[in-house]
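Everything below concerns the one structure shown next.
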Amino acid sequence: MISLLLSICVGGFAALLTALSTKWDTDSVSYVFAGGLVTILAFAGGSFFPTTGMPEIVREIGNWTPNGAALTAYLQWMQGLGMVAVWPLLLRIMIITVVLLALSVLVFPKRRSV
């Protein structure tokens, strides 16, 4: 379930990147995303090092990133905690996905009538 929701969330990022690239007719959006935003999300989400030594605000922001929420959900699931502990993290991933998909629909250029 964690992997499924995370992969759908990644699809939401892809949809948003596609919408932005189509709207502005440039590949620069992809470069900014790959070079900057992915690094920031990975740092905040705990992909580089554990966030346990970081301030509480950084840990909370990290749990609202897709990779941070999924990583925490995997760790809690592997520790034997039930769905009660994992469910709020999955809900966060679902919220992020819905926001990304909604932004994609809003940003995507409309059809022009001829």
Side-chain angles (χ1 to χ4, degrees):
M1 183 64 132
I2 300 168
S3 296
L4 176 69
L5 290 176
L6 184 60
S7 64
I8 293 171
C9 188
V10 170
F13 273 112
L16 182 61
L17 281 174
T18 302
L20 290 172
S21 294
T22 303
K23 180 179 177 106
W24 290 326
D25 196 25
T26 181
D27 292 332
S28 299
V29 176
S30 299
Y31 299 136
V32 169
F33 179 78
L37 191 60
V38 169
T39 305
I40 292 170
L41 290 175
F43 172 77
S47 294
F48 292 146
F49 53 85
T51 58
T52 55
M54 301 294 287
E56 181 65 30
I57 187 75
V58 174
R59 281 186 273 157
E60 189 59 36
I61 291 171
N63 280 337
W64 275 98
T65 62
N67 62 321
L71 183 61
T72 304
Y74 279 124
L75 289 172
Q76 289 180 350
W77 177 67
M78 288 179 3
Q79 291 172 352
L81 300 175
M83 282 301 290
V84 174
V86 175
W87 179 248
L89 297 164
L90 297 180
L91 186 62
R92 288 179 184 189
I93 296 172
M94 286 188 268
I95 290 170
I96 294 167
T97 303
V98 168
V99 168
L100 289 171
L101 292 175
L103 284 173
S104 300
V105 169
L106 291 173
V107 169
F108 199 81
K110 307 291 185 253
R111 273 191 172 175
R112 297 182 187 146
S113 56
V114 178

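For reference, positions follow the sequence shown, starting with 1. Every heavy atom of this structure was used, including side-chain atoms; hydrogens, water molecules and symmetry mates were not.
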Nearest-0.5 Å distance that lies between atom [atom1] in [X] and atom [atom2] in [Y]:
X	Y	atom1	atom2	value
F33	S28	CZ	OG	15.0 Å
T97	L6	OG1	CG	8.5 Å
D27	L20	CG	CG	12.5 Å
T18	K23	OG1	NZ	14.5 Å
N63	L71	CG	CG	9.0 Å
S30	L37	OG	CG	11.5 Å

Next item on the list: Look at the rings of F43 and F49 and say which category their plane angle falls in: under 30° parallel, 30 to 60° tilted, over 60° perpendicular.
Entry: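 The arrangement is perpendicular - the two ring planes meet at more than 60°.
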Next item on the list: Count the heavy atoms belonging to other residues, nucleotides or ligands that lie under 6.0 Å from CZ of F48, then report whether that count exceeds 12.
Entry: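 Check passes, neighbour count above 12.
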Check: Counting heavy atoms not belonging to M1, are there more than 12 under 6.0 Å from its CE?
Finding: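 Not more than 12 within 6.0 Å, no.
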Are [Y] and [X] linked, directly or through intermediate hydrophobic residues, by side-chain heavy-atom contacts shorter than 4.5 Å (ILVMFWY only)?
X	Y	answer
M78	L90	yes
W87	Y74	yes
I95	L101	no
F13	V32	no
L89	W77	no

Next item on the list: Answer yes or no: is there a donor N or O on one side and an acceptor on the other, between the side chain of T65 and the main chain of G62, under 3.5 Å?
Entry: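 A pair under 3.5 Å: yes.
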Check: Quick one: does C9's side chain get under 4.5 Å of L100's, heavy atoms only?
Finding: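 Contact flag for C9/L100 side chains = yes.
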Notebook entry, point to check: Taking all atoms of both residues into account, what is the closest heavy-atom pair of I61 and A44, and its distance?
Noted result: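 Heavy-atom minimum between the residues: CG2-CB, 4.4 Å.
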Check: Looking at S104 and A15, what are the two nearest heavy atoms and their distance?
Finding: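 For S104 versus A15, the nearest heavy atoms are OG-C, 3.3 Å.
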